[in-house]
Every structure is written in structure tokens, then in C-alpha cells.
Amino acid sequence: MPADVLPRPSGATYSDGVPRRRTRVLALAEARWAGAALVLFLLALPLELTGAPVWTWGPLYALVYAAGGWEPALSGLRELRGKVLDVDLLMIVAALGAASIGQVMDGALLIVIFATSGALEALATARTQDAVRGLLDLAPATASRITADGTEEDVATGSLVTGDVIRIRPGERVGADGRVLDGASEVDQATITGEPLPVAKEPGDEVFAGTLNGTGTLRIAVERDASESVIARIVAMTEEASRTKAPTQLFIEKVEQRYSLGMVAATLAVFFVPLAFGDDMTGSLLRAMTFMIVASPCAVVLATMPPLLSAMANAGRHGVLVKSAVVMERLGQADAVALDKTGTLTEGTPRVTCIRPLRGAGLTEDALLALAAAAEHPSEHPLARAVVNAALERRLPLLPASEFTSAPGTGVTATVGGHRIAVGSPSRLLRGTGAPTGDPAASAAAGLEETGDTAVLVLRDGAPVGILGIADRIRPDAAATVASLARLTGGSPILLTGDNSRAAARLASEAGITDVRAGLLPQDKAAAVREQESAGRRVLVVGDGVNDAPALAAAHIGIAMGRAGSDLALETADAVIIRDELSAVPAVVALSRATRRLVVQNLVIAGVFISALVVWDLVGHLPLPLGVLGHEGSTVIVGLNGLRLLRESAWRRAAEQGRDVTPATARRASGTG
């Protein structure tokens, strides 16, 4: 059954409040047919072994062949019509060949084991997809929409559009991305943002679909249609991931075709050569059938996709949405990193970093900040919000402001506590006061701007009383992430930013970056990436804005910060950090490298099994049932081995490796040294 039409499993668990998809075994057609074949085989086998008449167990074996073999046979014939020799068809031919020489039970056993192996593969794939799509079962099916006359109606969340107003009661999940109109509550949004504690929500605060409301009631204005919500974007990216294959897998499929044709030729040789030297028909045919089975590349084919899909699912559970298996493989190949500044290495929100009352103003830091915040309070400018938020964080009382005016590019003016307060650009405001060159306010503002801060001047009744410094704050994990990426790739990351050189240099110094390229336009960022690529580097770009999209597209691999990332960046990037945890970048790179090691390990296991069984069959006498068990056993082993990357410990080890790996180890892992 195709992955995109898997039935919604029942009996989901809710250990952390998030619905879990878990496909039941019998929900898969492969499992039902394999189960039927097994039951029929177990009924026929004792009858044959106890000497019962053929008519009692013969039809049962025939039903085994039909139940377990019809689907792979039909699939193989369809592939053959397209001039593709499928391994499934070879297995069916081998089983029928065994039956034709009287080895009915051996052929039936091959069918049962092959059908069971296919069912296990289908179940493993479905459970992997369950883990990925478990992230998508967040939003509730219905929401309470408030109509124009104030009444409520239950509607499907998929029908909500921008402008609708919904009510979220205590304990309910939020049905759409939006903003709180009224009410107060604490919302658990760990499933979207990764924040471990519930977040207080008041009027004006943003909420996300799928987050869990606490004890209060909220009235929310929908700001995004259901198709544009964070969850909808996750769905689209994950569905895309399930339809793609990594280059290694595609290469193996190409090799599989040549290998299968060569195997058919070798099987014919194993059959006819002994006959030419006087061997009997039955012995030659049995040896040839056994050879065809043990030499089939099923385990080789399965060596790649289960590890890649498992790694994608594990990364998804930790807030990293990898768009395809191709991306999962390529992440570990990166040997150079380019990072955006605003919204990537920084939080993307201006914050007050410095408060400097001027000598003679008679103001403390708190008094200066409270005065500026009271004047800025009616403004919606980002810098005004930063000033107001800083005052609120200090729990400063704000006097009411009147006669508020705003001048674009200059600042705001308001009457606060009987004084006329102006807050804004130092150069513009000082020009109006007639302050001389070298004025203390101008000198203080210039000093702040030299360090990369944005200076904001505060005037009281036309006289300068203080300077505020505002800057975008570096993420707490930025320096550690830069160091981890440097260890993984063997070289320091590059900072690519459109910001001014002073701000870029200060940020780079805090983050531990030495190669800084500031004042770049979007095309300049892309050119810098292509320059690295032309030098033979495989560049990983991490960004979040529209101006990062060209660089993300030009890079060997692109990762977008998802919480505040632009739609264009999210669509262009190969992977998205939904929780905005910058430390997840080196972790997913390390996970990709662990996946590659496991793929190689699987290929070695498959090669050893095939080689040993082929040599045994050609040199000695390999019983058909033992050959079947060995071949299918190796297939199951590599499949289960790949699923190890679904475990929580796999991500934990990858995160630890990202922190601890040495440059030499990183170069060996990436194949660059």
C-alpha cells in the first residue's frame, strides 16, 4: 500500500500529549498475504511429513504459492514490460523452478520467507513514516469559530481562513496559527518551538496551530490559512521527503539491473555447464535455483533506504525537517559552512544592550529607560518595541503618554509627566538642538555605533539626557555551534551578512568567526558560495531570510531557520530547523555521517552473506532451504540494522559527536583528508 494512503492507525498513544501514528501490522496488505501464506504452509507441512495423501497437502502448498507470490509476480511482470528485470520476479521463478523438480515444500518455504521478508520491509518503512508523520498529527480536527453575531460553531480546522476568530478553551489544542485577541493562558508549544516550559500568552501574542492550551480561555484571530500554517509546511516537506531517494540508492538500482542480468546469465551457466559434463537434470536445476536465490541483491538494495529514512525520522522528532533522502545523505558531505547573521546566529529581535544617562541629566538607568519607554509605547517600530520590552523586563512603571507624534527616520515625540520627550536618531535629533561638534551626546552615540550597536538618543524638553544602545542579541548557543561546525568540517565557518561591517565584526567576535563578509546583497552571498564550491568545497549554508534564498539554492546543502524564516527561504532550503535550535545543525550533520557509516556496514554484511552462500553453492552442496534462510536472513538483518537510527540514542550520540569530534576525524569522515 502506498505510503501516502496508509490508514490512520487506531490505538495511538499520547504520552506527551501529541497523537502518535502507529501502523498496525495487519493494516498492510503485504502482512496479510504473508500471514495467509504462513498459515497455509504450517497446515500443509505436517500433513506432508506424516505421509498424508498428496491431495490433502498439495492444494495447500498451491495456495501458499498463490497467496505469497501473486503480488511480487505481478509487480515483476509489470517491471519486465518496461524492460526492467526485478528481483521479486527472480525469486518467484526460483520457487516455481524448485516445484517443477519435485521440491514443492522448498519452493513454498521460499515463498513464505520471501513474503515475510517483504512484509517486514513494508512494516519497517511504514513505522519509519509513522515517526516522521507523528509530527503532523498536532492540529485538532475541529475548532470553535466565533461568528459575526457572537455565536460559536464547530468547523473543520482545514476550512479556517485568515480573519476568522476562534475560541480555545482550557486543555484544547490551538486550531490555527494566529494572534491572541483577548484572554490569558499558558500554552505548551514545545511541539513547535521546542520551549520546555509553557509560555504565557496575552493579547497580541502569537500562537501556533497544534500547541496545547493551559488553564485559560483564549480568543484568537487567525493570521494564516490552514494551507499556510507551520504544520501545513511541515506536511508538504515531509511528503516530498517520502517520495525521494538518495543518489546511493539510485546508483544501486542501476547496478541492480546489470547485476540481475548477469545473475540470470550465471544461473543459466550453473544449470547448463554441469549438464554438459554429464550431471543429472534434477541436480543441475536445483543447484541453479539455489544459486539464483542466494546471489539475488535484495540485501544490497535494502542496505541504503532504511538507514536514510530512519535518520530522517529521528531528525524530524528533534525539530529538523530533512526534505529528502538525498539531503540526508549530502548533509554529511559538507566540508565548509557559511552562516547568515540576523535571525540565524542572532535571535532576529532587537534588544536594549546599553543604557547611558548623560552627566548632569539627573537620571538613573531605570529612570532614563522608563522615560524613553513611556514615549515609545504607542509606536509599532521594532526599536520602539525593544525599548518598551526592556522596561517591562525590569518591571518599570510607565507613565501615560499624550500628544504622541512619529516622524519616519527621526523618531517619536510625546508628552510624559509634563515633559516633552523625544526618542530617535542621534544625528537627526541633535541637528535640531544645535549641539556643537564633540557634544557628549554625539560622542556617546558614536562610541556605541563603533561597537555595532544602534544608538538611540533621548531628549527631555529639547536637551539630551541619555543614549540607549540597541542590537540584535546573539543566540546563546551560537558560539558553541560555530565551534562544533568548525570541528566537523575542519575549517572555521564564514559569516555572510548584509549588515554593516561594524555590527558583523562584533557578532563574529562573539561567535568565534574570523572570516567575515559584510554589506552583501543577495547575489553577493550566492557568489561567495559559488566561489567556495568552485574551489572544490561542499558548502553548507544556514540562513532564514529572503536575501538568503539565492545562497541556499547555490549551496551543496541549505538549511533554513524555521521559526521566523521567510517562505522563500523555507521552500529553497533542503532542510528546516523548525525549533530554531542552532545546535541542531552540527547534530544533523553528525547524524548524516553516522547514517553513511551504517550504510557501508550494511553493504559489507550483504556482500559477505552473498559471497559465502554463492561459494558454498558452487563449491559444495548448499541445501535450498538453507540458501533461502541465509538470503532472506541477510535481508532482514540489514533492514533491522538500518532501523537502529530511529532510536533516541542515535540522535544523542550525533549531538555529542558534533560537540566532540576533532578536525582530523571530521576530514576522514567527510572524505577530504
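This is a predicted model, so every value here is computed, not measured.
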So which atom in [X] and which in [Y] form the shortest heavy-atom distance, rounded to 0.1 Å?
X	Y	answer
Val320	Trp651	CG2-CH2, 3.9 Å
Ala504	Leu495	O-CD2, 3.7 Å
Ser592	Met328	OG-O, 2.5 Å
Ala655	Ala587	CA-CB, 3.9 Å
Ala508	Val516	CB-CG2, 3.3 Å
Asp340	Gly543	CB-CA, 3.8 Å

Heavy atoms, side chains only, cut-off 4.5 Å: are [X] and [Y] in contact?
X	Y	value
Asp177	Glu223	no
Asp524	Arg517	no
Thr353	Arg473	no
Leu646	Arg317	yes
Leu331	Leu591	no
Leu218	Val187	yes
Val529	His556	no
Arg351	Asn389	no

If you measure from [atom1] on [X] to [atom2] on [Y], what distance do you get to the nearest 0.5 Å?
X	Y	atom1	atom2	answer
Asp453	Cys354	CG	SG	7.0 Å
Ile220	Arg179	CD1	CZ	11.0 Å
Leu645	Asn314	CG	CG	7.5 Å
Leu540	Leu552	CG	CG	9.5 Å
Leu598	Leu603	CG	CG	10.0 Å
Asp574	Ile557	CG	CD1	4.0 Å

Look at the side chain of [X] and the backbone N and O of [Y], then say whether any donor-acceptor pair between them is shorter than 3.5 Å.
X	Y	result
Asp164	Val222	no
Arg593	Leu488	yes
Arg475	Thr346	yes
Lys201	Glu206	yes
Thr497	Ala518	no
Asp225	Thr162	yes
Glu510	Ala479	no
Arg385	Ser379	yes
Ser509	Arg506	no

Item to complete: With sequence neighbours left out, write down each residue that passes side chain to side chain contact (heavy atoms under 4.5 Å, CB included) with Ala390, or none if nothing qualifies.
Response: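 Testing Ala390 for side chain to side chain contact (heavy atoms under 4.5 Å, CB included), a comparison that skips the adjacent residues, returns Val352, Leu369.
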Worksheet item: With sequence neighbours left out, what residues match Ser649 under side chain to side chain contact (heavy atoms under 4.5 Å, CB included)?
Response: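 Side chain to side chain contact (heavy atoms under 4.5 Å, CB included) list for Ser649, sorted by chain: Arg647, Arg652, Arg653.
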Item to complete: Just do the side-chain contact (heavy atoms from CB on, under 4.5 Å) check on Glu329 and Thr595 with the steps written out, would you?
Response: CA-CA 8 Å; Glu329 184 181 63; Thr595 304; over 6 Å; no
Fill in: Asp335 with Arg538: basic N within carboxylate O range, under 4.0 Å
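Judged by the 4.0 Å cut-off on N to carboxylate O distance, Asp335 and Arg538 do not form a salt bridge.
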Worksheet item: Step by step, would you call His318 with Val588 a side-chain contact (heavy atoms from CB on, under 4.5 Å)?
Response: CA-CA 10 Å; His318 292 87; Val588 76; over 6 Å; no
Discussion item. Test side-chain contact (heavy atoms from CB on, under 4.5 Å) on Leu582 and Ile577; report intermediate values, then the result.
Written reply: CA-CA 8 Å; Leu582 194 59; Ile577 309 295; over 6 Å; no
Worksheet entry | Reference residue Val482; test side-chain contact (heavy atoms from CB on, under 4.5 Å); the match among Val337, Ile513, Asp477 |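 For Val482, the side-chain contact (heavy atoms from CB on, under 4.5 Å) test succeeds with only one of Val337, Ile513, Asp477, which is Ile513.
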